[in-house]
Amino acid sequence: MKANQWPKHTILAVAIITTWLKTYLVYKTSFHMKIENPMQELILFINPLSFLLAVYGLSLFFKSERSRNRYLISVSALLAAVLYGNVAFYRFFSDFVTLPVLFQTSNFGDLGTSVTESVFVTDILYFADVLLLVLAVRYLNIKSATEASRSLYRRAYFVLTAAVLFLNLGLAETERPQLLTRSFDREMLVKNIGTYNYHLYDVYIQSKSQAQRALADGSELVEANNFVQATQPQPSPKMTGVAEGRNLIVVTLESLQSFVIGSEMKDQTVTPFLNSLTEDEDTIYFPNFYHQTGLGKTSDSEFLLENSLYPLGGGAVFFTHGGNTYNSMAESLGEEGYFTAVQHANSKSFWNRDLMYQSLGIDKFYDVESFTVEEGQAVNWGMKDIPFHEQSVAQMAEMQQPFYSRLLTLTNHFPFYLDEEDKFITEYDSGSSTLNRYFQTARYLDESIKVLFDELKEKGLYENSVIVMYGDHYGISENHNGAMAQYLGKEVTPYESAQLQRVPLFVHIPGYGEGHVDEEIGGQIDLRPTILNLLGVDAEKDLQLGGDLFSEEHEEFVIFRDGRFVTEDVIYAGNICYDAETGEETDSTLCEPYIDRAFEELGYSDSVINGDLLRFYNEKTGQLIEPENTEE
Ligand code: GP9
Ligand code: MN
């Protein structure tokens with residue numbers, strides 16, 4: 001029967017098209033992915049294609065039609081199972097599966113049962129493409145091709161596949177710059193590179209870190225610990241236990257840099273409430289405090305705070321090492337009887353927080369689901385800070401005391417948009433609309449902190465709390481140096497740029513009475529030792545790289561994640577050694593000893609994280625745990 005014959009690669013085409021369309025339908029029906037514009041929709045639509053072309057395309061190497069068809073059906077069935085597994089998981093956890101989750105089911109208690117409860121008979125539809133493929137193989141009359149495809153055709157086919165992949169990645173990059181290097185959210189990854197590519201990427205990231213972990217042993221830990229013991233300052237006895245037994249509220253001031261504190265813009269005060277705190281009798285304000293974050297931005301600052309270790313140089317540590325063993329501040333305070341929480345009105349999987357917070361021993365994560373975001377209460381990346389603080393304090397009022405809660409603000413985030421009613425000052429005029437708007441969102445953030453304080457007072461939580469507030473990272477990147485120069489009235493050299501990495505730190509202790517401005521040079525790595533000493537928690541044996549900012553012994557040496565550093569005398573930036581006072585280039589030998597030390601310190605921190613070394617460490621005794629006892 002020569003008539004009605006289908007071309008020879010029809011089965012391959014059926015496999016690709018059915019799985020492709022099914023995947024898109026599953027995206028639309030089974031996951032809640034927020035699509036904001038037609039471009040995102042287009043990316044979502046094309047994102048399964050490159051992977052499907054590649055994996056089904058391998059069938060072109062098979063010689064017999066039978067084995068080709070068998071291969072296609074097996075792959076189709078396997079992919080359907082993977083996608084369906086994701087759907088079932090998503091129904092329960094509203095999140096995409098990641099490898100460590102599959103292997104660390106103990107973290108999730110009854111993961112097994114919960115997944116089986118999310119299965120329905122109609123789910124057979126998720127396998128419709130496999131069925132169609134089997135029917136096509138069975139009933140379509142295909143022109144027979146007994147040989148493997150000619151290599152020229154095959155090559156053309158795979159060039160096309162690569163082109164589709166690059167088109168996909170290119171579009172994704174315009175929508176989400178640094179998607180892969182920052183990899184901030186599983187949902188965002190799936191939305192942009194597709195569920196199948198996402199799994200490949202996840203396998204790559206996880207196996208890289210598993211290999212480093214497998215090769216590590218306790219000996220590296222001994223070295224790191226010796227370094228810590230030799231460099232740790234004794235905490236300030238004067239400040240020990242000043243806030244003992246109080247609730248600890250740590251507020252992350254999104255993208256807030258120190259240059260706005262105490263500043264005016266077009267005769268308008270940018271941060272009136274925070275300015276008043278710098279002169280307040282219960283507040284210690286640190287104007288020379290630096291962020292030390294890398295690509296993990298907010299999450300890196302959280303990592304520094306909780307662990308007093310540096311984040312990683314490449315990629316967000318919350319993602320790459322979310323399953324490590326940590327001895328976090330939350331865990332220490334938990335052992336002291338504190339209830340520990342994070343409050344943040346964003347999706348829980350952002351920065352892998354849901355998983356990382358379990359590793360950090362945080363009792364409860366109040367994510368966006370815990371908040372009621374009314375019409376008009378969201379801007380930029382989510383809920384506005386004022387209603388966020390109002391609802392957060394209401395949640396705190398229900399918490400067991402003493403509690404340690406971290407509030408992550410969100411409004412002062414790029415692209416710094418605001419609704420008209422939230423603009424308390426006018427825009428700046430410069431060539432950078434980003435910088436122009438930044439002052440307004442910073443002003444809004446300031447207002448929201450005032451609301452936070454008022455609410456805490458009203459709910460009777462204020463007196464018995466200590467409130468620590470820090471800027472998480474820069475908000476204005478070097479792309480806006482021209483506009484910054486206009487505002488600052490001076491050129492933004494690498495020296496100035498390093499100084500612009502200062503973020504505000506406020507330690508507010510109601511009733512303290514000895515508030516002042518503390519000029520000590522410090523960084524986010526110092527937050528944990530400083531706070532633990534205030535609360536009277538002994539951290540002598542903790543493996544932490546920072547030191548108590550109030551201590552006489554605290555060394556003024558701040559290392560940035562990219563190797564720049566600041567001391568009392570020199571600032572090292574752009575491979576140039578600057579005099580800290582004058583900003584003039586100075587003798588490079590003055591920086592050299594610090595360059596080596598910065599390298600050493602970052603290296604120890606990296607080895608602890610990459611080797612997951614804290615699993616070998618008992619922070620109570622300061623002793624090594626024998627490796628064989630560490631695995632569950
Ligand atoms: C998102 C918030 C902001 O949850 O932490 O992220 P960022 O981009 O600043 O890291
Ligand atoms: Mn941030």
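Everything quoted here is computed from the prediction, not taken from an experiment. For reference, positions follow the sequence shown, starting with 1. All ligand and atom numbering here is 1-based and tracks the order in the structure.
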Would K297 and Y474 count as a cation-pi pair here, with the cationic atom under 6.0 angstrom from the ring centre and within 45° of the axis?
yes
Identify whether NZ of Lys or CZ of Arg in K364 sits under 6.0 Å from the centre of the six-membered ring of Y366 and within 45° of that ring's axis.
yes
Number the atoms of ligand 1 from 1 as they appear, then name those within less than 4.0 Å of a heavy atom of [X], with their elements.
{"X": "H344", "answer": "1 (C), 2 (C), 4 (O), 5 (O)"}
{"X": "N346", "answer": "1 (C), 4 (O)"}
{"X": "F350", "answer": "1 (C), 4 (O)"}

Using the salt bridge (charged side-chain N to carboxylate O under 4.0 Å, His left out) rule, take E306 and R406 through it: C-alpha gap first, then chi angles, then the decisive distance, then the call.
CA-CA 11 Å; E306 287 290 348; R406 291 203 278 116; 3.0 Å; yes
Got a salt bridge between D300 and R561, using NZ or NE/NH1/NH2 to carboxylate O under 4.0 Å?
no
Salt-bridge criterion met for D367 and R353 (N-O under 4.0 Å):
no
Restricting to heavy atoms, the pick from D300, T298, T409 nearest atom 9 (O) of ligand 1 would be T298
Nearest option to atom 10 (O) of ligand 1, as decided by whichever heavy atom of E254, R353, K297, H473 sits closest:
K297
Applying the side-chain contact (heavy atoms from CB on, under 4.5 Å) test to L248, which of L534, V468, I467 qualifies?
V468
Among I449, T409, I249, which residue meets the side-chain contact (heavy atoms from CB on, under 4.5 Å) test with M469?
I449
Hey, does L410 sit under 4.0 Å from ligand 1 if you only count heavy atoms?
yes
For W351, is the nearest heavy atom under 4.0 Å from an atom of ligand 1?
yes
D472: which N/O/S atom is nearest the Mn ion (ligand 2)?
OD2
What angle, in degrees and rounded to 10°, do you get at the Mn ion (ligand 2) when you join it to OG1 of T298 and to NE2 of H473?
120°
Would you confirm whether the ring centroid of F289 sits within less than 6.0 angstrom of the ring centroid of Y470?
no
Close N or O approach (H413, ligand 1; < 3.5 Å)
yes
Let me check your reading of the structure: within less than 2.8 Å of the Mn ion (ligand 2), is there an N/O/S atom from S301?
no
